[in-house]
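The analysis underlying the following values was restricted to heavy atoms, covering all of them including side chains, and did not include hydrogens, waters or symmetry mates. Worth saying up front: this structure is predicted, and the values here are computed from it rather than measured.
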Amino acid sequence: MTDQLTVEQTRQMLLAVAATIEARKEDITHADQAIGDGDHGIGMARGFAAVTELLTAESFETLDSLFRKVGMKLVTSIGGAAGVVFGTVFSGGAKSLTGKTVFDSAALASLLEDGLVAIQTRGKAKPGDKTMIDALAPAAARARALAGQPLDRALAEVAAAAYQGMEDTRAMIATIGKAKTLGERSLGHPDPGALSTTIILKAMADYV
């Protein structure tokens, strides 16, 4: 049972996330080729390669500084809308973690909830629009319900909630972003951003 992580262990967890994104690059690319422009996997891999360099070169005293810098690095290195969205998850998610040095289930809930609010404030997308929010919103809700539980249990259920949310996007017609132009042709395919979100959370769960 793992109740919590130190800042250093959280840094190691994010390195594991970065390695997983690189390993799953082709899967993300394949999903994006179906309903996007095909470059989401390349962008995510590029962004998390830059995160690996950051995390290898620097040490961090608090969770907010760690997540904020990771978010900023993703914004500048993924590029485009995806960079803003995924960077905002981390940098926006750092809001309630100021000065904290323990990553537990409560910190996880704060990270996902604040990240979700920050993305929705910036991008105006909502659940059902066939975006990464369809994976992140149920994950954040599950994290809040499990705040206070051991971190390993919480993350496993949060990753499962994200996966189900991602699977649910197959039945949605995209109403925002590049896939919007496809209309009903976007049916049957998962949203690439929801897939990336699920991969990130599953990698976190696997590390813990």
Side-chain angles (χ1 to χ4, degrees), residues 2-22 43-79 81-123 132-133 135-144 146-148 151-152 154-156 158-159 161-162 193-194 196-208:
T2 303
D3 286 334
Q4 59 189 40
L5 303 180
T6 64
V7 177
E8 170 56 23
Q9 288 169 326
T10 307
R11 184 184 72 87
Q12 294 287 343
M13 177 182 71
L14 292 175
L15 282 168
V17 169
T20 303
I21 288 289
E22 174 59 36
M44 291 296 287
R46 181 174 62 238
F48 277 93
V51 165
T52 297
E53 291 181 12
L54 167 73
L55 296 177
T56 304
E58 293 191 32
S59 59
F60 303 87
E61 299 295 323
T62 60
L63 292 175
D64 59 299
S65 65
L66 171 62
F67 285 116
R68 191 170 289 112
K69 285 199 173 185
V70 166
M72 289 164 58
K73 184 60 71 174
L74 290 174
V75 169
T76 57
S77 54
I78 294 177
V84 173
V85 168
F86 283 90
T88 298
V89 172
F90 290 99
S91 56
K95 180 180 167 187
S96 297
L97 301 177
T98 302
K100 288 193 165 41
T101 57
V102 170
F103 189 71
D104 55 12
S105 55
L108 171 67
S110 292
L111 176 74
L112 299 183
E113 286 179 328
D114 288 345
L116 176 63
V117 168
I119 292 169
Q120 290 186 294
T121 300
R122 178 167 282 204
M132 60 90 70
I133 284 173
L136 183 59
R142 195 75 194 119
R144 177 49 60 197
L146 293 166
L151 180 61
D152 52 356
L155 262 172
V158 164
S196 292
T197 303
T198 302
I199 289 171
I200 289 168
L201 291 171
K202 180 66 165 60
M204 291 168 67
D206 288 346
Y207 174 84
V208 172

Could you go step by step and tell me if M44 and I199 meet the side-chain contact (heavy atoms from CB on, under 4.5 Å) rule?
CA-CA 11 Å; M44 291 296 287; I199 289 171; over 6 Å; no
Begin with the C-alpha distance, continue with both residues' side-chain angles, and end with the deciding distance and a verdict on side-chain contact (heavy atoms from CB on, under 4.5 Å) for L97 and T62.
CA-CA 8 Å; L97 301 177; T62 60; over 6 Å; no
Criterion side-chain contact (heavy atoms from CB on, under 4.5 Å) on V158 and M204, from CA distance to verdict:
CA-CA 10 Å; V158 164; M204 291 168 67; over 6 Å; no
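A heavy-atom distance below 4.5 Å is not found between the side chains of R11 and V7. Between Q4 and S105, every side-chain heavy-atom pair lies at or beyond the 4.5 Å cut-off.
Among residues at least two apart or in separate chains, ring-ring contact (aromatic ring centres under 6.0 Å, His included) pairs with a member in residues 82-120 are H40-F86, F67-F103. Listed by first then second residue, pairs satisfying side chain to side chain donor-acceptor pair (under 3.5 Å) with a partner in residues 86-101 read S96-D114, not counting sequence neighbours.
Closest approach of L201 to A139, counting heavy atoms only: CD1-CB, 3.7 Å. L63 approaches A107 most closely through the heavy-atom pair CD1-CB, 4.5 Å. Smallest separation of non-hydrogen atoms from A203 and T20: CB-OG1, 3.6 Å. Shortest non-hydrogen contact noted between A147 and A106 is CB-CA, 4.0 Å. Residues G43 and I78 come closest through the heavy atom pair O-CG1, 3.4 Å.
D104 pairs by the side chain to side chain donor-acceptor pair (under 3.5 Å) definition with nothing, not counting sequence neighbours. For R68, the side chain to side chain donor-acceptor pair (under 3.5 Å) test picks out D64, with sequence neighbours left out. The side chain to side chain donor-acceptor pair (under 3.5 Å) check on S77 picks up nothing, with sequence neighbours excluded.
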List, one per line, each side-chain donor-acceptor pair under 3.5 Å for residues 51-61, sequence neighbours excluded.
residue: T52; atom: OG1; partner: F48; partner atom: O; Å: 3.0
residue: T56; atom: OG1; partner: T52; partner atom: O; Å: 2.6
residue: E58; atom: OE1; partner: K69; partner atom: NZ; Å: 2.9

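Here the CE atom belonging to M132 is positioned 4.0 Å from the CD1 atom belonging to I119, to the nearest 0.5 angstrom. Put simply, OG1 on T121 and CG on L116 are 9.0 Å apart, with the number rounded to the nearest 0.5 Å. With rounding to the nearest 0.5 angstrom, the CG atom of L136 is 9.5 Å from the OG1 atom of T198. The CZ atom of R142 sits 12.5 Å away from the CG atom of L155 when rounded to the nearest 0.5 Å. Summarising the geometry, atom CD belonging to Q120 is positioned 4.5 Å from atom CD1 belonging to I133; distances are rounded to the nearest 0.5 Å. Rounded to the nearest 0.5 Å, atoms OG1 (T6) and CE (M13) are 10.5 Å apart.
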